[in-house]
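Got a structure for you, questions after.
Sequence lines set the chain letters: A, B, ... in the order given, protein chains first and strands last, and positions in each chain run from 1.
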Amino acid sequence: MKAGIHVPGTTRRELLLRGALGVASASGAAAVGPFVASALGQSGRIDVEVVQLALLLEQLEADFYRRGLREVPGLSAPVRQLAREILDHEDQHVEALSQLAVQMSAEAPDPPQFDFGDAFRSERAFLALAQRLEETGVSAYNGAAPMVEQDDVLDTAGQIVQVEARHAALVRFERGEDIAPGAFDKPLSMSKARALAEPYIRT
Amino acid sequence: MSELTRRSLVSMAAVGTAALAAGCGDDSNAPAGGTPRGDFDIVNYALTLEYVEEDFYEQVVSAGVLSGREAALAELIHQNETEHVTALQDESRRVAPGRPVLDRPRTDFSEVLDGGRGEVIRTAARLENIGAGAYLAEAGQIEDAKLLAAALSIHSVEARHAAVLNRLAGAPPLPDGAFAVALERAQVMSQIDRYLV
């Protein structure tokens, strides 16, 4: 990790280190001690938090589609096809984020028990909650990404958020809604994203 | 605790770099597809793509090539692209005060419009997939936290457009599967060039 200090390069880790050290030399190391300490810290705690929250949201989505496909009565063919494709993606996201957590020497918790209330009573209710979950995913990734320190975490978040946004739009289209709520997707703080997931977690 | 994030560190570094770079005569007229990175350069590149998209939908809407739900969709997307242009022009002034905001390029979509509904939808889908891939490739290079947040909030909207247009074009809505693929500038510009006059 410390190679970044000596070897000029283009990774964000190196930029981060050089930035912190540059500020340190410019304004006095004492003033920026905490920044440098943070930059030099073991793999960022924020990154672990981002990955673990993302994992929870993906587990939530995967369970939602898996059960919806089994339980919703009379799903139409296009909705069934869409739900299957989305489920396949969410499963891959869970897998990738679990691996990322393990690489960071962090825990990749098993999914908790989820409860989706009466969302499986009809296709209509299923799609309504699908939209809400996808939108939460998009906003959560967009809100968390700027805080991420590590390249591979940021890359993965970017690759996934684009897919979540595509899901959100396709679900909206299926429901006859505008495909985007506005020209800019609003970011969500991690605590707000977690709060939006809470009601579906059985305690 | 936001002071402790990577972004604020990178932003501080950028201020230092900018101070060093001032007077080095870097070329503000460099083409948007050029290699040197930096937030101003990235804004110009994104602005180029948004100008092209905005122009395209403006022509599609005024030519009346689409009807029903597709026409309404083109109007919605046009409105989104106009807002992206305005936001990026503002970002340009913010990240590089005193430097000129990129001019709108001239575009020609007459062949696409002549091709009718099918060609228009396919082109729209292509532009949106390119846009989404381009933002994904640039995001990691952005230093300024606000600019990154803006780019991310636009990136996912481009992705929404792309998915639905792909579907309308009869193409897979998620061509890359579970993980979107970034598109580098050379690939992007080689596909956009044909529409620039």
Atom of B:Ala178, atom of A:Val163 and distance for their closest heavy-atom approach:
O-CG2, 3.3 Å
Using 0.5 Å steps for rounding, measure from the CD1 atom of A:Ile179 to the CG atom of B:Leu76.
6.0 Å
Taking every heavy-atom pair that is under 4.5 Å apart, which of A:Asp185, A:Asn142, A:Ile160, A:Val161 has the most such pairs with chain B?
A:Asp185
For A:Arg202, I'd like to know if atom CZ has over 12 heavy atoms of other residues, nucleotides or ligands within 6.0 Å.
yes
Considering all heavy atoms of both residues, which atom of A:Ala180 and which atom of B:Val157 are nearest to each other, and what is their separation?
CB-CG1, 4.4 Å
Atom CG of B:Leu168 and atom CZ of A:Phe173: how far apart are they, to the nearest 0.5 Å?
4.5 Å
If you count heavy-atom pairs within less than 4.5 Å of chain A, which of B:Ala72, B:Gly177, B:Ala162, B:Ala149 leads?
B:Gly177
B:Asn166 side, atom CG; A:Leu170 side, atom CG - distance, nearest 0.5 Å
8.5 Å
Should the heavy atoms of other residues, nucleotides or ligands under 6.0 Å from CD of B:Glu111 be counted, would the total exceed 12?
no
Run the side-chain contact (heavy atoms from CB on, under 4.5 Å) check on B:Leu174 and A:His167 step by step: do they pass?
CA-CA 9 Å; B:Leu174 289 111; A:His167 294 166; 4.0 Å; yes
Within residues 72-89 of chain A, the residues sitting under 4.5 Å from chain B by heavy atom, in sequence order, are A:Glu85, A:His89
Note: vs chain B, highest number of non-hydrogen pairs under 4.5 angstrom among A:His93, A:Glu90, A:Arg172 is A:His93
What one should report as the nearest heavy-atom pair of A:Ala165 and B:Ser156 is CB-O, 3.3 Å
Please classify the contact between B:His84 and chain A as side chain, backbone, both or neither, with a heavy-atom cut-off of under 4.5 Å.
both
If you count heavy-atom pairs under 4.5 Å between each of A:Gly143, A:Ala96, A:Gly176 and chain B, which one has the most?
A:Gly176
Out of B:Arg69, B:Glu83, B:Glu158, which one racks up the most heavy-atom pairs below 4.5 Å with chain A?
B:Arg69
To the nearest 0.5 angstrom, please state how far the CD atom of A:Glu164 sits from the CZ atom of B:Arg160.
10.5 Å
Hey, which of A:Pro187, A:Ala168, A:Ala169, A:Ser139 has the most heavy atom pairs under 4.5 Å with chain B?
A:Ala169
Please evaluate residues A:Gln162 and B:Phe179 with respect to the criterion side-chain contact (heavy atoms from CB on, under 4.5 Å), reporting the C-alpha separation (whole Å), side-chain torsions for both, the decisive distance (0.1 Å), and the verdict.
CA-CA 8 Å; A:Gln162 188 183 121; B:Phe179 302 94; over 6 Å; no
Please round to the nearest 0.5 Å and tell me the distance separating atom CG of B:Asn80 and atom CG of A:Asp178.
9.0 Å
Taking all atoms of both residues into account, what is the closest heavy-atom pair of A:Pro146 and B:Leu148, and its distance?
CA-CD2, 3.6 Å
